[in-house]
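Right, one structure below, let's go through it.
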Amino acid sequence: MDAYLGMIALYPTAYIPDGAKGWMPCRGQIMKVSQEYALFTQLGYAFGGDGKTTFALPNLVDQAPKGLQYLICVKGPLPIRP
């Protein structure tokens, strides 16, 4: 699936299939700014982290319908801002 960096999608399974490379589940994971700087520029520290060395992905586990999960694109082109 082609997607912009930071895009969130509802996925129809409770696991991440091999074909979903570049996507991670939205479970509030703490990420290192130095390793995922482009994604940090999109999310900032709105979902957690210290905003200097760490940031967090959104935690949407409780919002997903049963048997589904939200994934966030962590490898993709930056969206174009107007």
To check you understand the geometry: which heavy-atom pair defines the closest contact between [X] and [Y], and what is its length?
{"X": "Val74", "Y": "Trp23", "answer": "CG2-N, 4.2 Å"}
{"X": "Cys73", "Y": "Ala3", "answer": "SG-O, 3.8 Å"}
{"X": "Ile8", "Y": "Pro58", "answer": "CD1-CG, 3.9 Å"}
{"X": "Pro79", "Y": "Gln42", "answer": "CG-OE1, 3.4 Å"}

For this session: Test side chain to side chain contact (heavy atoms under 4.5 Å, CB included) on Leu43 and Ile72 and set out the steps.
Result: CA-CA 11 Å; Leu43 300 179; Ile72 186 167; 4.0 Å; yes
Problem set entry | Transitive ILVMFWY side-chain link Tyr4 to Tyr37, under 4.5 Å |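 No; tracing contacts between hydrophobic side chains, which count when under 4.5 Å, never links both residues.
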For this session: Could you tell me whether a side-chain N or O of Asp62 sits under 3.5 Å from a main-chain N or O of Ala64, the two making a donor and an acceptor?
Result: no
Exercise. Can you tell me if Gln69 uses its side chain to pair, donor with acceptor, with the backbone of Pro65 under 3.5 Å?
Worked result: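 No; zero donor-acceptor contacts below 3.5 Å.
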Problem set entry | Contacts of Phe40 that satisfy ring pair (Phe, Tyr, Trp, His ring centres under 6.0 Å) - sequence neighbours left out |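 Result, ring pair (Phe, Tyr, Trp, His ring centres under 6.0 Å) vs Phe40: Phe55.
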With rounding to the nearest 0.5 angstrom, report the [atom1] to [atom2] distance, [X] to [Y].
{"X": "Met31", "Y": "Met24", "atom1": "CE", "atom2": "CE", "result": "4.5 Å"}
{"X": "Thr41", "Y": "Leu78", "atom1": "OG1", "atom2": "CG", "result": "5.5 Å"}
{"X": "Leu68", "Y": "Tyr11", "atom1": "CG", "atom2": "OH", "result": "11.5 Å"}
{"X": "Leu71", "Y": "Met7", "atom1": "CG", "atom2": "CE", "result": "10.0 Å"}
{"X": "Leu60", "Y": "Arg27", "atom1": "CG", "atom2": "CZ", "result": "11.5 Å"}

For this session: Check the pair Leu57 / Leu39 against side chain to side chain contact (heavy atoms under 4.5 Å, CB included), numbers first and verdict last.
Result: CA-CA 9 Å; Leu57 299 181; Leu39 184 59; 3.8 Å; yes
